Amino acid sequence: MNAKDGTESRGRGKKAALPPADYNAPDAVSIVAGLVVCHMNRDGHLRDFDFSTLPGAEPLQRSLAVLFAVHSRRWGSHETSIRVFQQMRSFARFASERIRPPQDLDEVTAALMAAWWDQQKLTAGGRVVFRQLSALLRDDPRLRTGPVAEELARRVTPLPAKTTSYEPAEFDGIRLEARRTFRAALLRIEDNAAHLERWHSGEFAPDSAGWAVGEALDLIARTGDLPRYKSGCLQRRFQRVLGGGSVEATWKRLFLDRMEATALGVVLMAQFSWNLAVIDVMPTPKAAPDPGSDGHPTYRIPIRKHKGSSTRTETENVTDTGADSAGRLITQALQATRFARALAHDLAPDASTDRLIAWRTHYPDREVEDKTRRTAIGPIRLGLAGNDASRWGKLTGTGSPFRRGRRTVVVDRGEPSQHTRDTHERRYVLPDERVQRQAAPIIAAGAAAALEHARQAVKLAARLSAERDPGHQETATADCSGTEQSPAPLPDGGCGASFLLCLACENARVHTDHHPRLVQLHQSLTHIRSALPTPVWDRNWSDAHARLDDLKGKIGDGSWTRARGRITKADREIVGDLLSGDLNP
């Protein structure tokens, strides 16, 4: 493997003493030999990074190796360590090309860092490199103070994102291709699994062709392959009963191959909006022990998102209610991967083999080339990596579909998926070029509707009173003098209207004790307005906000300001429950 790419280079590099105290901590995952740093990822795979291959003087290489080794203890993925190594290479190359290249980090100047920023700021990727590597360099004691530290602490704003979601027809084509590939593989595996089950139950005569096929399938399920001659050719007796020695005639009868497993990942992404990193490490979903009276299994699916050394886990529940349900896809995924998962467990019962995505490689004797995330157990590979997606994209002519595909699903559904509402709006919706094009006529129509709505001023219908009437019923926003003229009468004579509509009812009474809570409600609605599209705001909240504006005008700015100072914790909780829907009439 090529050490310049941060791959196998164990035992190479210059012998330079690194501070042992930095690397002997009990939780260390970095091993240092000379200028070679070995990083262990969360799956236990090791990867060497030879810092003697970086441009520049040996002291500079050594200092970068120290920073890399210390920080790599927090990285669970080789994807991260490879990226940082490449960033350090980029910086070292830039520094070595200066008229007076620094021999070590203590010779790095503010002018050099400013020049590097001028180069990196031109692209979105360059800005990411500057921000991330600056954070590492600031941990060197020699760069924590002074002009260089000020340059490293520069605020780096991202450039506008250029990633856009797929057009509907384009994404439908990707989804159809993935479904077609996976569906064909599933039918093949299920057909052979049924034959194997019949063989185990003794349905075939020992001398029959069906028995011979069942014997071959049993060997494939238990070993991942069939007996072969020293030349690698399949034994003739199996070639005769299976119709040849191709992978389609042998191990693919029970296992997905690389591209079929990737197609399954694409289908899962399109159905659930999971990204590749989530699908790669997804554990096997477990069905609830009681399927219910309808017999439909409900799966608990752990969603694990790794961020550095930490892992955030959420759980999604999906039910298999039929052919087009999300739960049926999970059932099919479990069926298609069950032989690969069982074989991986049998080969390494003590290893961490609990992954939903499991498939059989065409080259079981070849060393695993990509140890970024994938786990290899004999001929079985667990999970998916970025090069799998790239390969699938090249074969189908669609490009790697996961990043843009997830964006498409999230944007089309209009709701967050494993991220916050703020991230949903800021990272997915607002920068998306397709959303911007589609939003233009909607925004124009919303502005026209808002203007028309403003012309029809909404007034406060509730009556102001000096003090509370003991005979009135208290609500979340006012007191109710009776339900005879309720805007939403109930059969039992009560009122079913939202508490927000109390201010629109002539039966409501507002006195000074209500003022703090209504001020809090007015402030909360104002904050919501800045976070929602205009049509959504107009539909759900604008009327209530307008009535509160009218109330503010009627009681005066002085009373309104004094009421703001009397807002209590109970007022905030009631308003929060009211706006979240947890407080119902």
Side-chain angles (χ1 to χ4, degrees), residues 177-265 267 331-349 353 355-369 374-382 384 388 391-392 395-396:
E177 177 64 28
R179 285 179 174 175
R180 184 186 297 116
T181 301
F182 173 65
R183 177 68 175 170
L186 175 65
L187 292 176
R188 179 188 73 232
I189 292 172
E190 284 301 285
D191 182 60
N192 285 281
H195 189 103
L196 179 59
E197 186 175 349
R198 293 173 59 197
W199 183 83
H200 279 300
S201 63
E203 293 188 23
F204 299 106
D207 296 331
S208 66
W211 192 93
V213 172
E215 179 190 22
L217 291 173
D218 181 64
L219 284 170
I220 293 172
R222 289 187 290 107
T223 67
D225 204 354
L226 290 168
R228 298 178 179 273
Y229 297 113
K230 292 183 179 180
S231 63
C233 295
L234 188 67
Q235 292 184 3
R236 292 187 183 89
R237 69 187 185 98
F238 290 111
Q239 289 191 39
R240 287 194 297 269
V241 300
L242 297 177
S246 66
V247 295
E248 288 76 13
T250 55
W251 59 261
K252 280 187 68 171
R253 289 172 176 263
L254 295 178
F255 300 108
L256 299 175
D257 69 8
R258 180 188 183 191
M259 291 299 95
E260 291 167 343
T262 306
L264 170 58
V267 176
T331 298
Q332 294 172 341
L334 292 170
Q335 292 171 335
T337 59
R338 66 186 186 275
F339 290 102
R341 287 184 285 108
L343 179 58
H345 178 72
D346 291 342
L347 292 176
T353 60
R355 300 277 185 91
L356 172 61
I357 304 296
W359 48 280
R360 207 266 198 195
T361 178
H362 285 259
Y363 310 103
D365 296 329
R366 181 181 297 179
E367 181 181 1
V368 180
E369 296 179 356
R374 185 181 305 154
T375 299
I377 301 176
I380 302 302
R381 303 290 181 263
L382 302 178
L384 296 172
D388 301 326
R391 178 65 176 167
W392 190 86
L395 292 177
T396 60

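The model shown is predicted, which means the values in this text are computed figures rather than measured ones. Numbers for residues simply follow the sequence, beginning at 1.
When side chains are defined from C-beta on, W199 counts as touching D218, because their heavy atoms get closer than 4.5 Å. Side-chain contact between L196 and F339 is present, with heavy atoms from C-beta onward closer than 4.5 Å. At least one side-chain heavy atom of L343 sits less than 4.5 Å from a side-chain heavy atom of P379. Between E177 and W392 the shortest side-chain heavy-atom distance falls below 4.5 Å. By the 4.5 Å heavy-atom criterion applied to side chains, Q335 and L186 are counted as neighbours. Under the 4.5 Å side-chain criterion, counting only non-hydrogen atoms from C-beta, L264 is in contact with T337. In this structure the side chain of I220 never reaches within 4.5 angstrom of the side chain of N192, judged on heavy atoms. By the 4.5 Å heavy-atom criterion applied to side chains, E260 and F255 are not counted as neighbours.
Considering all non-hydrogen atoms of both residues, G378 and L347 come closest at CA-CD1, 4.2 Å. For the pair G245 and L234, the tightest heavy-atom approach, listed with the atom from each and the gap, is CA-CD2, 3.8 Å. For the pair G265 and L384, the tightest heavy-atom approach, listed with the atom from each and the gap, is CA-CD1, 4.0 Å. Considering all non-hydrogen atoms of both residues, L217 and L254 come closest at O-CD1, 3.4 Å. Shortest non-hydrogen contact noted between L219 and F238 is CD1-CZ, 3.6 Å. Counting all heavy atoms, side chain and backbone alike, A185 lies closest to L256 at CB-CD2, 3.5 Å.
The existence of a salt bridge linking R258 and D388 is confirmed by a sub-4.0 Å separation between a basic side-chain nitrogen and an acidic carboxylate oxygen. Look at D257 and R360 and you find no salt bridge, because none of the NZ, NE, NH1 or NH2 atoms lies under 4.0 Å from a carboxylate O.
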**Report entry** Audit row: M259, L395, side chain to side chain contact (heavy atoms under 4.5 Å, CB included) steps and yes/no
**Finding:** CA-CA 9 Å; M259 291 299 95; L395 292 177; 3.6 Å; yes
Query raised in the report: Would R188 and D191 satisfy salt bridge (charged side-chain N to carboxylate O under 4.0 Å, His left out), going step by step from the backbone distance to the final call?
Result: CA-CA 5 Å; R188 179 188 73 232; D191 182 60; over 6 Å; no
Query raised in the report: Between I377 and L382, does a side chain to side chain contact (heavy atoms under 4.5 Å, CB included) hold up when you go through it step by step?
Result: CA-CA 8 Å; I377 301 176; L382 302 178; 4.2 Å; yes
Report task. Walk me through it: do E197 and E203 pass the test side chain to side chain contact (heavy atoms under 4.5 Å, CB included)? Result -> CA-CA 9 Å; E197 186 175 349; E203 293 188 23; over 6 Å; no
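A donor-acceptor pair under 3.5 Å links the side-chain atoms of R253 to the main chain of A249, judged by distance alone. Side-chain atoms of R341 come within 3.5 Å of backbone N or O of L334 as a donor-acceptor pair.
Interatomic distance, NZ of K252 versus OG of S246, reported as 9.0 Å (0.5 Å rounding). In this structure, CZ in R381 is found 11.5 Å from NE2 in H362, a value given to the nearest 0.5 Å.
In the displayed structure, R228 atom CZ is contacted under 6.0 Å by more than 12 heavy atoms of other residues, nucleotides or ligands. Dense packing is recorded around CD of Q235, with more than 12 heavy atoms of other residues, nucleotides or ligands lying under 6.0 Å away.
Aromatic ring centroids of W211 and H195 lie 6.0 Å or more apart.
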